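These notes concern the structure reproduced below.
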Amino acid sequence: MPELAEVEYIRKQWDAGIGQPIRTVEVRAGKRIFRGTDVEALVETLTGAKLLGSETRGKQMLFRFSRGGWLGIHLGMSGHLRVEAADFAAGKHDHLVLRQKQQALVFEDPRMFGRVRFHAGKDAPEWWTSLPPALISPEFTVAKLRENLARRLRSPLKAVLLDQALFPGVGNWMADEILWQARIHPATPTGTLAAKHTQTLWKNTRMVCRVALETIGRDGNDPPARWLLHVRWKPGGHCPRDGALLDRGVIAGRTTAWCPVCQPEPA
DNA sequence: CAACCTGTTCGCCA
DNA sequence: ATGGCGAACAGGTT
């Protein structure tokens, strides 16, 4: 489910537990959720540790604890964070439960495409610090975008937008939204994009990220009513800009919606 | 009942 | 050797 702004909103669900020690840690070990993770070290370090804070990078979240505990969570397709009463009983999809005096912090993920990582140490782990800079940061420049696109000349733009190394946090709906805002057809091969369109793509990438973070990311509010995401799911949806019936198809392996009028086929 | 899914990774093929 | 594509992952929802 979650992309950039949803991840930011979900991350804050655990803010209720900041400053309080974890009394017990419950883990449904042996699940693919914990692949590559030292679950014993996670339990040992976090038991008795205090949650200090958290941040988001793209679709990744990092929770910082006292005693040098760093917990990374990726929500995958169906992951979610929530807060329950301190004595609640974990359900079968609740893979990680951090119990505090006042409440329990829960990570659930029915489909188990998500991932939990753990690191113990003074500094944040390499798997966190090596993530690319945010699309709304000053480091994401038009020149940088041009450079990224130049490495994938034959790919459809939709595929490139879904690449987390290049567009961290962008998922299926955001990719469609950005291309629709920029009036560029999702199947356009990267190498055929006019310089002017690269500029437009850059501008709209930042705009969609910024506005999504200010609405969904801030408090779960809806993004602007005239955005594509409100109509892109159901067949029969119409372009909020010109009213044309939206086209749908599979591009880069994902369901994609676009407007045949304002996002014309690449030549 | 069958198809579909806001994500990632792997192996195959060009 | 790259790079792109489909399949696989697993369960819920339509």
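Values in this document were obtained by computation on a predicted structure and should not be read as measured data. The sequence lines fix the lettering, A, B, ..., with proteins before strands; numbering per chain opens at 1.
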Nearest-angstrom distance from the residue atom CG of A:D163 to P of C:dC5: 13 Å

Euclidean distance, atom CZ of residue A:R35 to atom C1' of C:dC9 [Å, nearest integer]: 9 Å

Length of the line joining A:D94:CG and C:dG11:C1', which is rounded to integer Å: 15 Å

A:K144, A:R152, A:R151, A:R146 screened by side chain to side chain donor-acceptor pair (under 3.5 Å) with A:N148, the one that passes: A:R151

Pair A:T215-A:N221, side-chain donor/acceptor within less than 3.5 Å: no

Rounded P spacing from C:dC9 to B:dC1 in Å: 22 Å

Separation of C:dC5 P from A:I251 CD1 (nearest whole Å): 11 Å

Nearest-Å distance for atom pair CH2/P, residues A:W233 and B:dC4: 12 Å

Residue A:P156, side-chain heavy atoms: nucleotide from C:dC5, B:dG7, C:dG11 that is nearest: C:dC5

side-chain hydrogen bond (donor to acceptor under 3.5 Å, both in side chains) between A:Q164 and A:Q60, worked out: CA-CA 10 Å; A:Q164 296 304 291; A:Q60 312 273 347; over 6 Å; no

A:Q164 vs B:dT8: side-chain N/O to OP1/OP2 distance below 4.0 Å: yes

Donor-acceptor under 3.5 Å (A:K12 side chain, A:G217 main chain): yes

5′-ward residue of the pair A:R254/A:L153 relative to DNA chain C: A:L153

Name of the residue among A:E177, A:R254, A:K158 meeting side chain to side chain donor-acceptor pair (under 3.5 Å) with A:N172: A:K158

Check against side chain to side chain contact (heavy atoms under 4.5 Å, CB included), A:T129 and A:D123: CA-CA 10 Å; A:T129 55; A:D123 300 314; over 6 Å; no

Phosphate contact (C:dG4 OP1 or OP2) by A:R152 side-chain N/O below 4.0 Å: yes

Between C1' of C:dC5 and CG of A:L162, the distance in whole Å: 14 Å

Phosphate OP1/OP2 of B:dC4 contacted by A:T255 side-chain N/O (<4.0 Å): no

Given B:dC5, C:dG11, C:dG4, the nucleotide with the shortest approach to the side chain of A:R154: C:dG4

OP1 or OP2 of B:dT8 under 4.0 Å from side-chain N/O of A:H74: yes

Whole-Å gap separating P (B:dG7) and CH2 (A:W173): 11 Å

Proximity to the side chain of A:F113 - top-ranked nucleotide from C:dG4, C:dG11, B:dG7: B:dG7

Distance, rounded to the nearest Å, where A:M61 contributes CE and B:dG7 contributes P: 14 Å

Residue A:E3, side-chain heavy atoms: nucleotide from C:dG12, C:dG4, B:dG7 that is nearest: B:dG7

Contact under 4.0 Å: A:R115 side-chain N or O vs B:dT8 OP1/OP2: no

Phosphate contact (B:dT8 OP1 or OP2) by A:K59 side-chain N/O below 4.0 Å: yes

Distance test, side-chain N/O of A:S78 to OP1/OP2 of C:dG11, below 4.0 Å: no

